[in-house]
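Contents: one structure, followed by commentary.
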Amino acid sequence: MEQLKLPHNRKLQPIGKNLPYVFLGDSAFALSRHMMRPYPGNFEKGSTERIFNYRLSRARRVVENVFGIMASVFRVFRKLMALQPDKVSDVTLACVLLHNFMRKSTSSSSSYSPPGTLDTEADGEVVPGSWRNDQSGMSSFMPLKKAPRKSGEVAKATRNCFAEYFSRSGKLSWQDKYC
């Protein structure tokens, strides 16, 4: 993780615990200090684990929407890039900058991502965005194999701290309705 140059841990207020910056994944990823994944299993409504899984899912949906739109528009993301890693970084960064510009620009935002483009939520159910209709030729990633992994205690403690935060001081006023 040193190579990624992640920021140093920060205190999550108001619980006051130093927590690392993390990536969000699904059950295909191993839980680690810098990789959060959902708690496995089904949980009772209102439980800390269910609230954490819901909040993790909502956050991941934002990333999926962005990448889905970008892959629909910038077709370079639809297949493997036969470029050196530094060039892949440059191409990706250029696409991110263009994406952000077109989303914020008053002249292009309504045509680049009109209403209905992004996934939304209605009564706790996900309504898929229109970008999901354009999945042809999406073969840039190889499927991940699920492999049993034993998570370390530090990773579990980190997830538990985030779960506690989302259930208490970081609670959203409407989350009890859905989790």
Side-chain angles (χ1 to χ4, degrees), residues 4 6 12 19 21-32 34-81 88-89 91-146 158-159 162-167 170-179:
L4 294 177
L6 293 175
L12 185 60
L19 293 174
Y21 282 80
V22 296
F23 293 99
L24 309 178
D26 59 19
S27 59
F29 293 89
L31 178 67
S32 70
H34 290 285
M35 174 62 71
M36 289 293 105
R37 64 174 276 171
Y39 287 98
N42 295 316
F43 300 95
E44 203 174 301
K45 189 171 181 167
S47 68
T48 302
E49 295 87 355
R50 185 167 172 156
I51 291 168
F52 174 84
N53 287 355
Y54 174 76
R55 297 283 296 271
L56 181 79
S57 173
R58 284 184 57 91
R60 284 186 52 240
R61 196 175 324 136
V62 172
V63 175
E64 289 173 7
N65 276 300
V66 170
F67 190 79
I69 292 169
M70 287 178 55
S72 293
V73 174
F74 305 108
R75 298 187 181 257
V76 67
F77 293 118
R78 291 182 171 232
K79 57 186 184 294
L80 292 173
M81 289 187 219
V88 171
S89 292
V91 168
T92 302
L93 200 57
C95 290
V96 167
L97 292 170
L98 286 169
H99 167 82
N100 288 343
F101 173 78
M102 291 191 297
R103 288 266 303 147
K104 291 179 181 174
S105 169
T106 54
S107 62
S108 64
S109 63
S110 61
S111 59
Y112 180 69
S113 55
T117 302
L118 305 172
D119 293 348
T120 55
E121 196 171 305
D123 295 324
E125 297 294 320
V126 176
V127 178
S130 61
W131 68 266
R132 292 186 184 273
N133 298 332
D134 187 19
Q135 296 293 303
S136 60
M138 295 288 265
S139 60
S140 58
F141 294 109
M142 295 168 54
L144 293 173
K145 292 181 184 175
K146 287 189 180 184
T158 299
R159 180 171 62 186
F162 280 115
E164 177 188 331
Y165 173 76
F166 293 141
S167 296
K171 182 177 182 174
L172 300 173
S173 60
W174 45 263
Q175 77 185 23
D176 287 340
K177 182 177 178 181
Y178 302 114
C179 17

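What you see below is based on every heavy atom in this structure, not just the backbone, and it leaves out hydrogens, waters and symmetry mates.
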When you measure from the side chain of [X] to the backbone of [Y], do you find a donor-acceptor pair of N or O atoms at a distance under 3.5 Å?
| X | Y | answer |
| --- | --- | --- |
| Asn53 | Pro38 | no |
| His34 | Tyr21 | yes |
| Arg78 | Ala71 | yes |
| Gln175 | Phe166 | yes |

For a side-chain contact (heavy atoms from CB on, under 4.5 Å) check, start with the C-alpha distance between His99 and Val73, then their side-chain angles and the critical distance, and finish with the verdict. CA-CA 9 Å; His99 167 82; Val73 174; over 6 Å; no

Could you measure the distance from the [atom1] atom of [X] to the [atom2] atom of [Y]? Nearest 0.5 Å is fine.
| X | Y | atom1 | atom2 | result |
| --- | --- | --- | --- | --- |
| Ile69 | Cys95 | CD1 | SG | 13.5 Å |
| Ser47 | Tyr54 | OG | OH | 14.0 Å |
| Tyr112 | Ser110 | OH | OG | 13.5 Å |
| Tyr39 | Glu49 | OH | CD | 5.5 Å |

Do Leu31 and Met36 pass the side-chain contact (heavy atoms from CB on, under 4.5 Å) test, and can you show the C-alpha distance, the side-chain angles, and the key distance before you say yes or no? CA-CA 6 Å; Leu31 178 67; Met36 289 293 105; 3.8 Å; yes

Taking C-beta and beyond as the side chain, do [X] and [Y] meet within less than 4.5 Å on heavy atoms?
| X | Y | result |
| --- | --- | --- |
| Arg55 | Leu172 | yes |
| Glu44 | Arg50 | no |
| Val91 | Val76 | yes |
| Asp119 | Trp131 | yes |
| Val96 | Val66 | no |
| Ile51 | Lys171 | no |

Could you tell me which non-hydrogen atom of [X] sits nearest to which non-hydrogen atom of [Y], and how far apart they are?
| X | Y | answer |
| --- | --- | --- |
| Leu24 | Met35 | C-SD, 4.0 Å |
| Leu56 | Arg37 | CD2-C, 3.5 Å |
| Thr117 | Pro114 | OG1-O, 2.6 Å |
| Arg61 | Thr120 | NH1-O, 4.4 Å |

Taking the six-membered ring for Trp, are the ring centroids of Phe52 and Phe162 within less than 6.0 Å of each other?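 No, ring centres 6.0 Å or more apart.
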
Check the pair Leu98 / Met70 against side-chain contact (heavy atoms from CB on, under 4.5 Å), numbers first and verdict last. CA-CA 9 Å; Leu98 286 169; Met70 287 178 55; over 6 Å; no

Knowing that exactly one of Ser113, Ser108, Ser109 qualifies, which makes a side-chain hydrogen bond (donor to acceptor under 3.5 Å, both in side chains) with Arg103?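 The single option meeting the side-chain hydrogen bond (donor to acceptor under 3.5 Å, both in side chains) with Arg103 is Ser113.
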
